[in-house]
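Heads up, the thing below is written out as structure tokens.
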2 protein chains.
Amino acid sequence: MISAEAKYALRALIMLAGVPAGQALLIQDIAEGQNIPRKFLERILLNLKKAGIVQSRRGQLGGYALLKPASQISFAQVLRLIDGPIAPLPCLSIIAYRKCADCTDETHCEIRQVFAQVAEASREVLEKASIADAFAGSPALERLERDVSGPRVRTLR
Amino acid sequence: MISAEAKYALRALIMLAGVPAGQALLIQDIAEGQNIPRKFLERILLNLKKAGIVQSRRGQLGGYALLKPASQISFAQVLRLIDGPIAPLPCLSIIAYRKCADCTDETHCEIRQVFAQVAEASREVLEKASIADAFAGSPALERLERDVSGPRVRTLR
DNA sequence: AACTATCTCTACTAAATCGGTAGAGATTGT
DNA sequence: ACAATCTCTACCGATTTAGTAGAGATAGTT
């Protein structure tokens, strides 16, 4: 299971992908639009900013915007940032390899070979899936266009 | 990441797959052979017994043995028993479906479609991988045969 | 300069989960 | 009677999860 935080991050990014490139949304509007606790979302977006995925501006015309095209943000990148390794065993992780404490012979470890296949299959999907892919075919776009009292879109200067 | 408990369970089962069908091993010998804390392993094996995967006998000639052929015990079965659903989202689980609390429209959920692919790919691997597969090509067999002070194999009556 | 809207940052917390331990009990064979 | 083994319940400390609180910095407006 992925964490609630990762799910929120992905959904926030998908919502941001729904406004024209460079345009921003308010934390408040993202939180309401996606049913995410506002203060929790603040911290999540801050992390995404530190990781170079979004940018922000403070003050009266402030907000959050994607820093890269949504097509260049993969699910894998977001999940690794927030939930850590995708691999089901530490000895199979790319980003945080660790030897299993109780494992004497890694190359012959019986379960490692099975989980290596799981890791590879998961990575295959998650590396290829981008925020833009997820946004396409989602109802977010139409909602944005139709909804009169919808999120306030603005340009970050 | 899978839990230490699931990893221990899989390795204990693989070790049990190394003795002739119906033959048993002692908790003590499995714990030593696989570097698993003994008391922890007791509880794990008890759970595997409740689930109908192993059988046991108490007393002086007691021990644990597989209840089914190792080829009929899948990684998926063991993981689901111990770590719960394989699916990365509750709304994608076979064994414990739950609606995401914050999700208004499941069929159009953007991230659900991506994680459905992950779930399917993982299941594909984990359902097909059996304890017997893992045991084959592992060094466990030769070790069992060579090791003079190895685990004590016994028949459960 | 004052005011207001927004993001920023640190710290805190309650609940759940994880990894394991303790210890008494039941059963079986000798 | 005794020793070896599994059985069962309860507990425990550390970590993680899912938030919340609240003070602060910054930008635009008047």
Side-chain angles (χ1 to χ4, degrees), chain A residues 1-9 11-12 16 24-32 34-51 54-65 67 79 82-85 88 90 96 100-102 151-157, chain B residues 1-9 11-12 16 24-32 34-51 53-65 67 79 82-85 90 96 100-102 151-157:
Chain A
M1 293 277 175
I2 67 169
S3 66
E5 183 169 351
K7 195 166 51 167
Y8 293 161
R11 291 224 307 254
L16 283 173
L25 294 175
L26 302 185
I27 290 181
Q28 182 63 38
D29 289 347
I30 300 174
E32 280 170 13
Q34 300 292 326
N35 273 316
I36 304 172
R38 188 219 156 103
K39 292 295 281 181
F40 197 12
L41 181 58
E42 285 184 11
R43 228 183 33 199
I44 293 168
L45 285 171
L46 217 45
N47 282 337
L48 293 175
K49 183 184 180 183
K50 265 190 227 155
V54 299
Q55 59 179 317
S56 68
R57 188 164 186 81
R58 296 197 258 201
Q60 213 165 47
L61 292 184
Y64 272 94
L67 195 51
L79 284 178
I82 293 180
D83 282 355
C100 296
D102 51 333
R152 289 153 279 181
V153 180
R154 46 179 70 180
T155 307
L156 292 190
R157 278 188 283 172
Chain B
M1 293 278 174
I2 67 169
S3 66
E5 184 170 350
K7 195 164 52 165
Y8 293 161
R11 291 224 306 254
L16 283 173
L25 293 175
L26 303 184
I27 290 182
Q28 182 63 38
D29 289 346
I30 299 174
E32 281 171 11
Q34 300 292 326
N35 273 316
I36 304 172
R38 188 218 157 102
K39 292 297 279 182
F40 197 12
L41 180 59
E42 285 184 12
R43 224 181 38 196
I44 294 168
L45 285 172
L46 217 46
N47 282 337
L48 293 176
K49 183 184 179 182
K50 265 190 229 153
I53 296 173
V54 299
Q55 58 179 318
S56 68
R57 188 161 187 82
R58 296 196 258 202
Q60 212 166 50
L61 291 185
Y64 272 95
L67 195 51
L79 284 178
I82 295 180
D83 282 355
C100 294
D102 51 333
R152 287 153 282 181
V153 181
R154 46 181 69 180
T155 308
L156 292 191
R157 277 188 284 172

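Reminder, nothing fancy here: chain letters follow the sequence lines and each chain counts from 1. Since the structure is predicted, the reported quantities are computational estimates derived from the model, not experimental observations. What you see below is based on every heavy atom in this structure, not just the backbone, and it leaves out hydrogens, waters and symmetry mates.
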Asp83(A) side-chain N/O to Ile2(A) backbone N/O, donor-acceptor pair under 3.5 Å: no
Value in whole Å for how far the P atom of dT17(D) lies from CG of Asp83(A): 7 Å
Donor-acceptor pair, side chain of Arg57(A) and main chain of Leu156(A), under 3.5 angstrom: no
Residue met sooner reading DNA chain C from 5', once Arg43(A) and Ala4(B) are mapped to nucleotides: Arg43(A)
Nearest-nucleotide comparison on DNA chain C, the residue closer to the 5′ end among Pro37(B) and Gly59(B): Pro37(B)
Spacing of CD belonging to Gln55(A) relative to CG belonging to Leu48(A), to within rounding of 0.5 Å: 13.0 Å
Proximal nucleotide (of dT7(D), dC6(D), dC7(C)) relative to the Arg38(A) side chain: dC7(C)
Quiz item: Lys39(A) side-chain donor-acceptor pair to dG22(D) base, under 3.5 Å: yes
Sugar-phosphate, base or nothing in reach of Leu45(A), heavy atoms under 4.0 Å: nothing
Distance, nearest 0.5 Å, that separates CD1 of Ile30(A) from CG of Leu16(A): 4.0 Å
Separation of dA18(D) C1' from Ile2(A) CD1 (nearest whole Å): 14 Å
Spacing between Asn47(A) atom CG and dC7(C) atom P, to the nearest angstrom: 16 Å
Spacing of Glu32(B) atom CD and Ile27(B) atom CD1 [to the nearest 0.5 Å]: 12.0 Å
First encountered from the 5' end of DNA chain D, between Glu5(A) and Arg58(A): Glu5(A)
Spacing between Ile27(B) atom CD1 and dT5(D) atom P, to the nearest angstrom: 10 Å
Length of the line joining Ile30(B):CD1 and dT5(D):P, which is rounded to integer Å: 13 Å
Side-chain N or O of Lys49(B) closer than 4.0 Å to phosphate OP1/OP2 of dT7(D): yes
Separation of atom CD1 in Ile44(B) from atom P in dC18(C), rounded to whole Å: 12 Å
Touch class at under 4.0 angstrom, heavy-atom based, for Arg57(B) against every strand present: sugar-phosphate
Rounded interatomic separation in angstrom, taking CD1 from Ile82(B) and C1' from dG19(C): 13 Å
Options dT27(C), dG28(D), dG29(C), nucleotide nearest the side-chain atoms of Gln60(A): dG28(D)
Phosphate OP1/OP2 of dT16(D): any Ser3(A) side-chain N/O under 4.0 Å: no
Separation of dG28(D) P from Leu156(A) CG (nearest whole Å): 10 Å
N/O (side chain, Ser56(B)) to phosphate O (OP1/OP2, dT7(D)) under 4.0 Å: yes
N/O (side chain, Arg154(B)) to phosphate O (OP1/OP2, dT5(D)) under 4.0 Å: yes
Sugar-phosphate only, base, or nothing, as touched by Glu42(A) at under 4.0 Å among non-hydrogen atoms: base
Phosphate OP1/OP2 of dG20(C): any Tyr8(B) side-chain N/O under 4.0 Å: yes
Euclidean distance, Leu46(B) CG relative to Glu42(B) CD, rounded to 0.5 Å: 8.5 Å
